[in-house]
Amino acid sequence: METPEQTLRGVLQTIENAAKLAGRPRAVNLLAVSKTRSAGEVRALAAAGQRAFGENYVREGATKAAELADLGLQWHLIGHLQSNKCREAAEVFDWVQSLDRAKLVPALDKARPAGRPPLNILVQVNVDGEASKSGCAPDQVPALADAVAAAPHLRLRGLMAIPAPHPDPARRRDAFGRLRALFVQTAARHPEIDTLSMGMSEDFELAIAEGATLVRIGTALFGPRAVAARD
Ligand SMILES: *Cc1c(COP(=O)(O)O)cnc(C)c1O
């Protein structure tokens with residue numbers, strides 16, 4: 001059995017190799033997706049050096065973040081955000097990667113506690129049309145990005161997407177490429193953005209080849225998930 005440290009080192013090495021192969025000047029960051037994993041599993045990976053963790057549900061993330069508050073970890077919300085959960089999300093998380101509609105902008109902005117740095121935001125894009133229910137249409141990205149950039153307690157950092165897990169790698173690569181083009185368009189209006197979040201355990205090397213700056217990895221770090229997470 002590999003230790004968490006060995007597993008983490010292996011994944012980081014694969015990321016680095018893919019980034020080198022793609023001739024990428026900047027490092028690609030790793031988000032460890034800890035949904036359904038215990039606080040103890042997160043603690044073990046944090047002890048191995050991992051700082052950023054992603055959760056799909058606000059409640060589950062809040063519980064783990066509170067239990068592990070002594071570690072000063074960085075928490076990302078990567079699951080669908082309901083408007084009645086905006087207050088808690090703005091209190092618990094450092095990043096919300098799943099902003100996909102205009103009404104979440106004032107709700108998160110108002111709820112970000114005074115004294116905390118601005119909440120980092122990625123606009124989630126549905127690059128595959130009907131394949132997923134979360135994410136805005138590509139033509140809605142400019143308006144959403146402008147709204148986030150104008151909110152005083154939010155900080156626009158870039159885009160996120162979960163392309164359909166198409167069995168044909170060429171099709172997946174195509175979706176990642178379309179997302180990168182959208183990122184470049186968005187950066188023309190908002191040159192401060194620096195994060196393109198795409199790629200999971202199955203396809204992160206492909207995503208890096210197409211320009212991902214942040215990959216979200218669960219299974220390759222923690223093993224297969226047994227149970228579904230609940231909000
Ligand atoms: C679960 C999840 C991941 C991680 O998926 P793995 O295949 O376990 O690496 C990444 N991003 C999102 C949005 C997820 O829900």
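First listed ligand is number 1; within each ligand, the first listed atom is number 1.
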Worksheet entry | Aromatic ring pairing Trp75/Phe53, orientation class (parallel under 30°, perpendicular over 60°, tilted between) | tilted
Discussion item. Give me the atom names and distance for the closest heavy-atom approach of Leu71 to Ala46.
Written reply: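 Heavy atoms of Leu71 and Ala46 come nearest at CD1-CB, 4.0 Å.
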Item to complete: Search all heavy atoms of Ser134 against all heavy atoms of Gln124 and return the closest pair with its distance.
Response: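 Of all heavy-atom pairs spanning Ser134 and Gln124, the closest is CB-NE2, 3.6 Å.
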Item to complete: Please report the C-alpha distance between Arg171 and His166 in whole Å, then the side-chain angles of each, then the deciding distance to 0.1 Å, and finally whether the side chain to side chain donor-acceptor pair (under 3.5 Å) criterion is met.
Response: CA-CA 7 Å; Arg171 290 279 296 274; His166 201 279; 3.3 Å; yes
Discussion item. Listing request: all side chain to side chain donor-acceptor pair (under 3.5 Å) pairs with a residue in residues 138-149, at least two apart in sequence or in separate chains.
Written reply: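 Every pair satisfying side chain to side chain donor-acceptor pair (under 3.5 Å) with a residue in residues 138-149: Asp146-Arg189, Asp146-His190.
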Worksheet item: Who are the residue neighbours of ligand 1 when the rule is a heavy atom under 4.0 Å from any of its atoms?
Response: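 Ligand 1 is contacted, at a heavy-atom distance under 4.0 Å, by Val33, Lys35, Asn56, Ile78, Ile162, Met200, Ser201, Arg216, Ile217, Gly218, Thr219, Arg225.
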Item to complete: Tell me, yes or no, whether the heavy-atom count around Glu202 atom CD, taken from other residues, nucleotides or ligands under 6.0 Å, exceeds 12.
Response: no
